[in-house]
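Single-structure report; data block below.
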Amino acid sequence: MNEIIKNIEAEQLKADVPQFKTGDTVRVHALIKEGNRERVQIFEGTVLKIQGGSNRATFTVRKSSNGVGVEKTWPLHSPHVVKVEVIRHGKVRRAKLNYLRDRVGKAAKVKELVK
């Protein structure tokens, strides 16, 4: 890749990215713009997948809201993602947890990793 592109992408990276992986329960603080006001909205759920690298890295979080599964995908280094808090670490053996989409209730839970 061209050095100029590498330098531009390096400037866009966040310095304080938390360490989380697939299966972790996270709380994402996202910046929402409504008209001329801005506020922070919290989205809490299980990380289904992390993909990409450098400044193109994205992660997908899934939660159940009123019995309906909701998924959101965010760019990791986006200015709209204010912060990502790790609530608990999950014990999983896969990189992508697509099988959780078919499960409901307790079957959709991920075991907690005890260190």
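- The OG1 atom of T46 lies 8.0 Å from the CG atom of L97; values are rounded to the nearest 0.5 Å.
- The minimum heavy-atom distance between L76 and V17, with the atom names listed, is CD2-CG1, 3.7 Å.
- Counting heavy atoms from C-beta outward, V84 and W74 have side chains that stay 4.5 Å or more apart.
- Two different hydrophobic clusters hold I87 and F59 under the rule that ILVMFWY side chains link at heavy-atom gaps under 4.5 Å.
- Looking at every heavy atom in both residues, K21 comes nearest to V47 through O-CB, 3.9 Å.
- Interatomic distance, N98 CG to K49 NZ, rounded to the nearest 0.5 Å: 6.0 Å.
- Within a 6.0 Å radius of CD1 in I32, more than 12 heavy atoms belonging to other residues, nucleotides or ligands are found.
- What you find for K14 and V82 is that their closest heavy atoms are NZ-O, 4.4 Å.
- A chain of hydrophobic side-chain contacts below 4.5 Å, direct or via other Ile, Leu, Val, Met, Phe, Trp or Tyr residues, connects Y99 to L48.
- With contacts defined as side-chain heavy-atom distances shorter than 4.5 Å, the pair F43/K63 qualifies.
- With rounding to the nearest 0.5 Å, the separation of CD in E9 from NE2 in H77 is 10.5 Å.
- Between L31 and V40, the shortest heavy-atom distance links the atoms CD1-CG2, 4.0 Å.
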Under 3.5 Å, which donor-acceptor pairs link side chains of residues 103-110 to any protein atom two or more places apart or in another chain?
none

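- When the side chains of ILVMFWY residues are joined at heavy-atom separations under 4.5 Å, either directly or via intervening members, I50 and V81 end up in a single hydrophobic cluster.
- Note that CD of E34 is 4.0 Å distant from CZ of R39, once rounded to the nearest 0.5 Å.
- Here the OG1-CD distance, from T73 to Q51, works out to 7.5 Å after rounding to the nearest 0.5 Å.
- K72 places none of its side-chain heavy atoms less than 4.5 Å from the side chain of V61.
- Atom CD of Q19 has 12 or fewer heavy atoms from other residues, nucleotides or ligands within 6.0 Å.
- Here the NE2 atom belonging to H89 is positioned 9.0 Å from the CD atom belonging to E112, to the nearest 0.5 angstrom.
- A heavy-atom distance below 4.5 Å is not found between the side chains of K83 and D16.
- Two residues are said to be in side-chain contact when any heavy atoms from C-beta on lie closer than 4.5 Å; K33 and H80 fail this criterion.
- Residues T22 and K96 form no side-chain contact, since every pair of their non-hydrogen atoms from C-beta on lies 4.5 Å or further apart.
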